[in-house]
Amino acid sequence: MTDPIQRPSLDVSSYQPAAGGIAARARAAAGPAYLSGLNPEQRDAVETLDGPVLVLAGAGTGKTRVLTTRIAHILSTGRARPAEILSVTFTNKAAREMKLRLGQMLGQAVEGMPWLGTFHSIGGRILRYHAELVQLTSNFTVLDTDDQIRLLKQLLAADNIDDKRWPARMLAGLIDGWKNRGLTPSQVPAGEAAMFGNGRGGKLYAQYQERLKILNAADFGDLLLENIRLFREHPDVLRQYQNRFKFILVDEYQDTNVAQYLWLRLLSQTPSSPSPILRDAALRAAPQDEGADDEGSASTDPVPHPEERGQSPRVSKGEAGTPTPSGPPKNICCVGDDDQSIYGWRGAEVDNILRFDHDFPGAKVIRLERNYRSTGHILAAASHLIAHNEGRLGKTLRTEDVDGEMVTVTGAWDSEEEARAIGEEIEQLQRQGHALNEIAILVRASFQMREFEDRFVTLGLPYRVIGGPRFYERAEIRDALAYLRVINSPADDLAFERIVNVPKRGLGDATVQMLHDHARKRRMPLFEAARMVIDTDELKPKARSSLRGLIENFERWQVQRDALAHTELAEIVLDESGYTEMWQKDRSADAAGRLENLKELVRSMEEFENLQGFLEHISLVMDRDGGADEDAVSVMTLHSAKGLEFETVFLPGWEEGLFPHQRALDEQGRAGLEEERRLAHVGITRARKRAKLYFATNRRIHGTWNTTIPSRFLDELPAANVEITESKGGSGWGGMSGYGPSRFDNVESFGSSYSTPGWQRAQAQRGRSGGGSNGGRSGGFGESGASYSSGSARRAPFTIEGELVAKSTGTDSAFSLDDRVFHQKFGYGHVTKIDGNKLTIAFDKAGEKKVVDSFVERV
DNA sequence: TGTGGAATTGCCCTT
DNA sequence: CAATTCCACA
């Protein structure tokens, strides 16, 4: 395949408005200020307000800019008021970004964009307005995965299903999948429903939904699915929203799943269409339907299954299923890039974007192919890589930027050296004056992040982990929230159960079991049951008085709730419940951090009006935006990097089995591989100036060391744009520690091709040292006789002492030997060695580590 | 009922 | 190698 990259550096037609053609210039001159600086395609996407529009926006082509400018355009032309525009994104981050940019564009006038948000937050909001119609009340709780699992465990236990053989996690996964596909319990195909628990899967799903209603709770999937049900069962409500939203904008359309698609479809019908039933029929039209509305609908299967949608060559133009029987087509604008579809495993249907013009007849398709982000080499590498995928809509990204630095590929001995090498490169960039904010490390799997954290702590290099363990998922936060949830909604059994015995109150399993029985018998919440039980003698005196104390606490708090500010209430609750005390007494390493988190929680409550408002949002706002101000390296997964860009991007872990991930390959086959490849494409295109790829020869998986092969994606990069470099961090390997020469010693002899002896030899060495796992990829390497000396599977006992000495400041440390110290991450320990500002500390739990002194405090 | 140690299992990506 | 769960015992 030919190089898909063209770099029309001579084609100056429109990159800069000033150099544009006469017509373009005239328009630019005529239009309002916010339109200037757009290229013709972008401008087209902004100005085409009527009818459906699909914008295929490759990486770095100004997608967000188009979306926000389009909103600005709608508003300033008076076509709609802010509250009449529905604008959905996937992440809160994206929503926030749009609000920010819109604010900059329009002045301060963004206050009134109530319907700009994520699918889930908007779905949740609509659901709260009409909660009674779906058997909830407006203060319903949004359950997270943990609550979900616990609930399912209870159901499994009640049904005597062995949760060894049928784990609750698995059922949660199945239910999630069904909800992603828009399937209510009765719509799940019989075959699938039978897959779990000897045919009881479907029944369990139904039971689960019932329990949710009793608990006045919804899970994440419900925020959309129940919304769809609401719209289906109450056409008048639907019509209300159809009327309200004059314009719909969707970001990252390639990532929409079936439920989201259905939701959008419902909202994008014009309200004047005939009957709700017909509309529904149109909606569900599968290719064979030929317009016949089987509205009597044996209702087994009202929703087209994604499988069907995927396989059949569905687009026989003008066939049935076209929406909008009457009235003008809705003004819906979807923006996406099929090459950045990386959420297939979560139920996203690339198909949605591939068949947009079928769903929305007469759709105008606009391609944005001018990349304003990356240099020539980076774009060429990314494009060449993604060209290995089949079934793309096919875009050709172009840049007018210079070639810049080549993409680099670096091998490291193991993941630790990989981290060390990257750390070194970062420090070098830092010395050259590059901002750390412009540097990111993008990993495939989150467990890779630890290695970098450890290394950066040692170096004293500021970093921030983005999207790591979520703030609200931490045990202490969930505990604190559970207390507040019980106060807010005493029927929240899950929350109550979570904290009855936290901190320990002598209310163990036996007591809880008893409460459960009681509650079930009288069909009342646990809290109610507890209140009753303390007046009987069914409990031992000790447990009884303990439980009474708890209940009385809650009753008091419930009263105080109305009298006090919610932040104050939270402090009182954490204090009086003994929860804070519990952690204060705890001497383990992370106790201090947990207390800090609790403070942070209370602090974050200030932004909300009241307790109810806070609880509503906390479950949806997943990302904490921790101090983005200070200059720090960003560490995150490839998935959460989508939509971001950095000057320099490090991409470690390009090894078979990790990237592409083995499980993606096993479970999804070729589709999985292609999704992984898109992920690789996303990774490379995050970089503006430097993309640096790494692979390690040895990696620890599951605690055991494995020898790995470089990723096939490395082979798929265009040789002309890639440079193979030597690992710089390695005081360890290379000449120094008995491994013989580095594979990359002789870089020049490589020429620029991977088929050179050097490269093959490198591969061979790796393939040979046959650890366990590599499931043999095609061939070529491996057997040919590499002739390296032995012992390559063993790690050298090298140290990094020299490096540290060389860097240490030589100034006296504020610490002395044997000082007792505390470290945020590693906990307590004592100083065993001092070297300038670098300390060696023997931690009680974490073992011996080298740490910069500013990271610890004396205790 | 609470505790500590043994056993076990999972490390993909997330709204 | 983790964090989590299980299990025997106080």
Side-chain angles (χ1 to χ4, degrees), chain A residues 88-95 117-124 142-146 149 153 163-164 167-170 172-173 176-177 179-180 218-225 251-252 255-257 259-260 341-348 415 442-451 466-470 472-473 475 501 503-513 539-540 542-543 546 590 619-623 636-642 653 657-668 672 675-676 678-680 682-683 699-706 773 845-847:
Chain A
V88 276
T89 63
F90 272 82
T91 62
N92 292 297
K93 202 163 55 186
T118 66
F119 276 101
H120 290 88
S121 64
I122 292 175
V142 178
L143 298 189
D144 58 36
T145 338
D146 236 57
I149 303 273
K153 272 193 179 147
D163 71 344
K164 277 280 192 326
R169 291 185 76 74
M170 184 194 259
D176 225 48
K179 289 187 174 176
N180 282 337
D219 66 17
F220 252 76
D222 280 345
L223 295 181
L224 280 165
L225 187 57
D251 192 14
E252 308 281 15
D255 287 333
T256 50
N257 62 32
Q260 288 155 340
S341 160
I342 54 176
Y343 284 108
W345 51 274
R346 207 177 65 187
S415 49
L442 310 183
V443 298
R444 171 69 244 265
S446 50
F447 72 87
Q448 293 172 259
M449 298 199 286
R450 252 198 59 166
E451 205 97 46
I466 295 180
R470 311 200 172 297
Y472 88 106
E473 271 174 16
N501 204 28
K504 299 253 184 290
R505 301 188 173 88
L507 301 172
D509 290 346
T511 312
V512 173
Q513 193 51 51
L539 281 176
K540 289 193 211 122
K542 217 166 87 187
S546 178
D590 44 359
S619 46
L620 295 177
V621 179
M622 332 264 305
D623 41 18
M636 67 187 98
T637 65
L638 284 161
H639 280 88
S640 48
K642 192 166 70 159
L658 178 61
F659 193 30
H661 200 281
Q662 193 57 46
R663 243 167 91 175
L665 264 37
D666 292 346
E667 288 166 18
Q668 306 289 333
E675 182 153 314
E676 295 288 299
R678 288 194 290 269
L679 203 48
V682 166
R699 192 171 292 274
R700 206 169 32 196
I701 299 170
H702 265 11
T704 51
W705 286 93
N706 286 70
S773 68
K845 302 233 160 146

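- Between the side chain of Arg678(A) and the main chain of Ser341(A), a donor-acceptor pair closer than 3.5 Å is present.
- Rounded to the nearest 0.5 angstrom, Phe119(A) CZ and Asp255(A) CG are separated by 9.5 Å.
- With sequence neighbours left out, the ring-ring contact (aromatic ring centres under 6.0 Å, His included) criterion links Tyr343(A) to Trp345(A), His639(A).
- The salt bridge (charged side-chain N to carboxylate O under 4.0 Å, His left out) check on Arg444(A) picks up Glu676(A), with sequence neighbours excluded.
- At distances below 3.5 Å, not a single donor-acceptor pair connects side-chain atoms of Lys179(A) with backbone N or O atoms of Phe220(A).
- Between Asp176(A) atom CG and dT14(B) atom C1' there is a gap of 10 Å when expressed in whole angstrom units.
- For dC6(C) and dC11(B), the P atoms lie 16 Å apart once the distance is rounded to whole Å.
- For Arg700(A), the side-chain atoms get nearest to dC1(C) when compared with the rest of dC1(C), dT3(B), dC11(B).
- The main-chain N or O of Leu143(A) is never found under 3.5 Å from a side-chain atom of Asp219(A) such that the two would form a donor-acceptor pair.
- A close approach under 4.0 Å does not occur between any side-chain nitrogen or oxygen of Ser121(A) and OP1 or OP2 of dT15(B).
- Residue Ala510(A) is classed as a sugar-phosphate contact, given heavy-atom separations below 4.0 Å to backbone atoms only.
- The side-chain ring of His120(A) is not stacked on the base of dT15(B), judged by centre separation under 5.5 angstrom and plane angle under 30 degrees.
- Atom CD of Glu675(A) is separated from atom C1' of dC13(B) by 9 Å (rounded to the nearest Å).
- Following rounding to the nearest Å, Gln668(A) (CD) and dC13(B) (P) show an atom-to-atom distance of 16 Å.
- Separation of the P atoms belonging to dC13(B) and dT4(C) is 16 Å when rounded to the nearest angstrom.
- As judged by a 4.0 angstrom heavy-atom cut-off over every strand, Asn180(A) is placed among residues making no nucleic acid contact.
- One can place CG of Leu658(A) at 10 Å from P of dC13(B), the figure rounded to the nearest angstrom.
- Residue Asp144(A) contributes atom CG, which lies 12 Å from atom C1' of dT15(B) at whole-angstrom precision.
- Nucleic acid contact for Phe119(A): none, since no nucleic acid atom lies under 4.0 Å from a heavy atom of the residue.
- Checked against dC13(B), dC11(B), dC12(B), the side chain of Thr637(A) finds its nearest nucleotide in dC13(B).
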Show each protein N/O and nucleotides 2-10 of chain C N/O combination with a separation under 3.5 Å, one pair to a line.
from   : atom 1 : to        : atom 2 : distance (Å)
dA2(C) : OP2    : Arg450(A) : NH1    : 3.3

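- Counting only distance, with no hydrogens or angles, the side chain of Thr89(A) and the backbone of Asp251(A) share no donor-acceptor pair below 3.5 Å.
- The side chain of Thr511(A) places an N or O atom within less than 4.0 Å of a non-bridging phosphate oxygen (OP1 or OP2) of dT1(B).
- In this structure, the CG atom of Asp509(A) is 9 Å from the C1' atom of dT1(B), given to the nearest Å.
- Across all strands, Phe447(A) comes closer than 4.0 Å to base atoms (heavy-atom distances).
- Counting to the nearest Å, the C1' atom of dT14(B) and the CD1 atom of Ile466(A) are 15 Å from each other.
- Residue Arg663(A) places at least one side-chain N or O under 4.0 Å from the OP1 or OP2 atom of dC12(B).
- Comparing Arg505(A) and Trp345(A) against DNA chain B, the residue whose closest nucleotide sits nearer the 5' end is Arg505(A).
- Glu451(A) places no side-chain N or O within 3.5 Å of a backbone atom of Gln448(A) that could act as its donor or acceptor partner.
- Between His639(A) and the phosphate of dC13(B), there is no side-chain N or O to OP1/OP2 separation shorter than 4.0 Å.
- Atom pair Arg169(A):CZ and dC13(B):P shows a separation of 12 Å (rounding to whole Å applied).
- Residues Lys504(A) and Gly703(A) each lie close to DNA chain B; by heavy-atom proximity, the contact nearer the 5' end of the strand is made by Lys504(A).
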